[in-house]
Protein chains: 2
Amino acid sequence: MTSDDGARPQRTDRRFTGDPTRARLLEAALDSFSTKGFHGTSTRMIAARAGLSPAAVYVHHRTKEEILFQISRDGHQEALDVVLAAIDSEATPPGRLRAIVRDFATWHARRHTLARVVQYEMAALTPEHADLIAALRRHTHNAVRGVVLAGIERGDFTVRDPESTTVALLSLGIDVARWYRADGAWTPQRVGEDYAELALRLVGHSPGASRNQDDEASLAR
Amino acid sequence: MTSDDGARPQRTDRRFTGDPTRARLLEAALDSFSTKGFHGTSTRMIAARAGLSPAAVYVHHRTKEEILFQISRDGHQEALDVVLAAIDSEATPPGRLRAIVRDFATWHARRHTLARVVQYEMAALTPEHADLIAALRRHTHNAVRGVVLAGIERGDFTVRDPESTTVALLSLGIDVARWYRADGAWTPQRVGEDYAELALRLVGHSPGASRNQDDEASLAR
DNA sequence: CCTACCGATCGGTAGG
DNA sequence: CCTACCGATCGGTAGG
């Protein structure tokens, strides 16, 4: 075992930075948006959960929607960063796809509170904010599709339709936000490992069947 | 071509039955719940969309939550019926799994308005209603898991973990409700066919590799 | 199935 | 960052 892999305990999640009171309000809003939804959450509930008066919300944020936007943008950026870092961590399409799906699914489990707001509260954004979020989502989608296409090009993957396969790969991770429970039997890492295996099956990758020998290095663990 | 398969045009979806005014209210509620969510929908919006006065909602329904429950229960029952009918339509685990995922994904695309309420508005139900819905969901889950386990038993499927594989198979269909757009490039049938192929990959089914020759009958199309 | 209305709560602001 | 308050809207009901 190396010193910094595998069985390390749950790392501290990166939370909202900057002014602590502002961060407490964002945390309170995140918790409530995640379980009750944006429209099921009042600004008074957010304030109360942060231990402040109802009006304190408007000291730090102009509107309730702007709070949602901050949370959604940060969350989308985190998810995108996870995918880009996974791609950078490996050299071949099979290695990259495995890392993407493992880390994307793990992120949706570990950060399921945030991920639920990210994936299921987009309809409450203003059109302008929705456009900014949509750009981040396209970036993530295109990054995954690029790896799928590269794997097909190299003969690593056997895929009938790259578009529906890309959607399916993303769906596996995204839907984790819906069903994952912190008190359930599965750790985020376990979900990630299982889903990474399933991802390689989805793209028809059988180790040793590709044209490129250097795949094996990225598959060894 | 046989007379009643394949290219038949979109069939008329089964809608709410019984009293027409009541059905109009349920349709109006469904449309609004689907795009704005339960908490983002007022009873006045429902009434207006049905062409009635605000109080008319309470002629046919006791509370707003009861409207959601009716829609959610009917929708969950439809989805369960789709899965059970798919199982009945085939004799072998590979045939059954293909039919399940094809029809489950097709249903989530064709009925994406209803499916969004079914999959994403459960948190707004009363605890009693949530329990009834949970039983329908367990029934669906267990039916799919049974086919996965039967396929493993027969040697048709090679699966590392039946539980996470079952969750993944259901996730593929459920997440269709989130991303499917009626004005997009894909027909519900196309989504279903693509996803059925992916499902057999997920369970490690390679035609001809199983111990049972009669699989081929269910795979021929 | 309608008009008219109930108390409660909403997002947001004035003023300090 | 608080108290106090604004008009608007909410789910639901009385009475016909």
Side-chain angles (χ1 to χ4, degrees), chain A residues 15-73 117 121-130, chain B residues 15-73 117 121-130:
Chain A
R15 299 290 180 182
F16 301 107
T17 53
D19 177 34
T21 303
R22 180 192 161 89
R24 287 226 318 290
L25 281 165
L26 286 170
E27 277 297 327
L30 169 54
D31 286 346
S32 190
F33 289 167
S34 179
T35 53
K36 300 171 190 295
F38 176 79
H39 292 296
T41 299
S42 71
T43 57
R44 279 156 179 81
M45 294 170 48
I46 296 170
R49 204 184 277 243
L52 299 168
S53 76
V57 169
Y58 296 93
V59 174
H60 295 88
H61 304 279
R62 267 181 300 176
T63 64
K64 188 173 82 155
E65 188 274 344
E66 202 164 77
I67 297 175
L68 173 63
F69 173 60
Q70 302 269 0
I71 293 169
S72 187
R73 182 164 45 80
V117 178
E121 300 298 330
M122 286 175 60
L125 294 166
T126 64
E128 293 74 20
H129 286 163
Chain B
R15 299 291 180 183
F16 301 107
T17 53
D19 177 35
T21 303
R22 180 192 161 88
R24 286 226 317 290
L25 280 165
L26 286 170
E27 278 296 327
L30 169 54
D31 285 347
S32 189
F33 288 168
S34 180
T35 53
K36 301 171 190 297
F38 176 79
H39 292 297
T41 299
S42 71
T43 56
R44 281 157 178 81
M45 294 168 50
I46 296 171
R49 204 185 279 242
L52 299 168
S53 76
V57 168
Y58 295 92
V59 175
H60 295 88
H61 304 278
R62 266 182 301 174
T63 65
K64 188 174 85 157
E65 188 274 345
E66 202 163 78
I67 297 175
L68 174 63
F69 173 61
Q70 302 269 0
I71 293 169
S72 187
R73 183 165 46 81
V117 177
E121 299 298 328
M122 286 175 61
L125 294 167
T126 64
E128 294 75 21
H129 287 162

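The chains referred to below are lettered A, B, ... by the order of the sequence lines, with proteins before strands, and numbering in each begins at 1.
Residue B/His60 forms a side-chain contact (heavy atoms from CB on, under 4.5 Å) with just one option from B/Gln70, B/Arg22, B/Glu66, and that option is B/Arg22.
Of the possible donor and acceptor atoms, none in the side chain of A/Lys64 sits under 3.5 Å from a partner among the backbone N and O of A/Val57. Using a distance-only test at 3.5 Å, with no hydrogens or angles considered, no donor-acceptor pair links the side chain of B/Arg44 to the main chain of B/Pro54. Distance alone, capped at 3.5 Å, places no donor-acceptor pair between the B/Ser32 side chain and the B/Ala28 backbone.
Between A/Leu52 and A/Arg24 the shortest side-chain heavy-atom distance falls below 4.5 Å. A/Tyr58 is listed as a side-chain neighbour of A/Thr43, based on a closest heavy-atom distance under 4.5 Å. Using a 4.5 Å cut-off on side-chain heavy atoms (C-beta onward), A/Phe38 and B/His39 make no contact.
With sequence neighbours excluded, the residues forming a ring-ring contact (aromatic ring centres under 6.0 Å, His included) with B/His129 are B/Phe69, listed by chain and number.
To the nearest angstrom, P of C/dG11 lies 14 Å from CG of A/Leu25. Atom pair B/Phe33:CZ and D/dG11:P shows a separation of 9 Å (rounding to whole Å applied). Rounded to whole angstrom, the span from the CD atom of B/Glu66 across to the C1' atom of D/dG11 amounts to 14 Å. In this structure, the CZ atom of A/Phe38 is 8 Å from the P atom of C/dG11, given to the nearest Å. As rounded to whole Å, 15 Å separates atom C1' of C/dA8 from atom NZ of B/Lys64. Taking atom CD1 of B/Ile67 as the reference point, atom P of D/dG12 lies 9 Å away to the nearest angstrom. For A/Met45 and C/dA8, the CE to P distance is 19 Å, given to the nearest whole Å. Between the NE2 atom of B/His39 and the P atom of D/dG11 there is a distance of 10 Å, rounded to whole Å.
A close approach under 4.0 Å does occur between a side-chain nitrogen or oxygen of B/Tyr58 and OP1 or OP2 of D/dG12.
Closest approach to the A/Ser42 side chain among C/dG12, C/dC10, D/dG11 is made by C/dC10 (side chain taken as heavy atoms from C-beta onward).
Counting only Watson-Crick and G-U wobble pairs whose two distances sit under 3.5 Å, DNA chain D takes part in these stems of three or more pairs: C:1-16 with D:1-16.
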Distances under 3.5 Å between protein N/O atoms and the N/O atoms of nucleotides 1-7 of chain D, please, pair by pair.
{"unit_1": "D/dC1", "atom_1": "OP2", "unit_2": "A/His60", "atom_2": "NE2", "d": "2.9"}
{"unit_1": "D/dC2", "atom_1": "OP2", "unit_2": "A/Ser53", "atom_2": "N", "d": "2.9"}
{"unit_1": "D/dC2", "atom_1": "OP2", "unit_2": "A/Ser53", "atom_2": "OG", "d": "2.7"}
{"unit_1": "D/dC2", "atom_1": "O5'", "unit_2": "A/Ser53", "atom_2": "OG", "d": "3.4"}

Original post:
Are A/Ile67 and A/Leu25 close enough, and set up right, to give a side-chain contact (heavy atoms from CB on, under 4.5 Å), and what steps lead you there?
Top reply: CA-CA 9 Å; A/Ile67 297 175; A/Leu25 281 165; over 6 Å; no
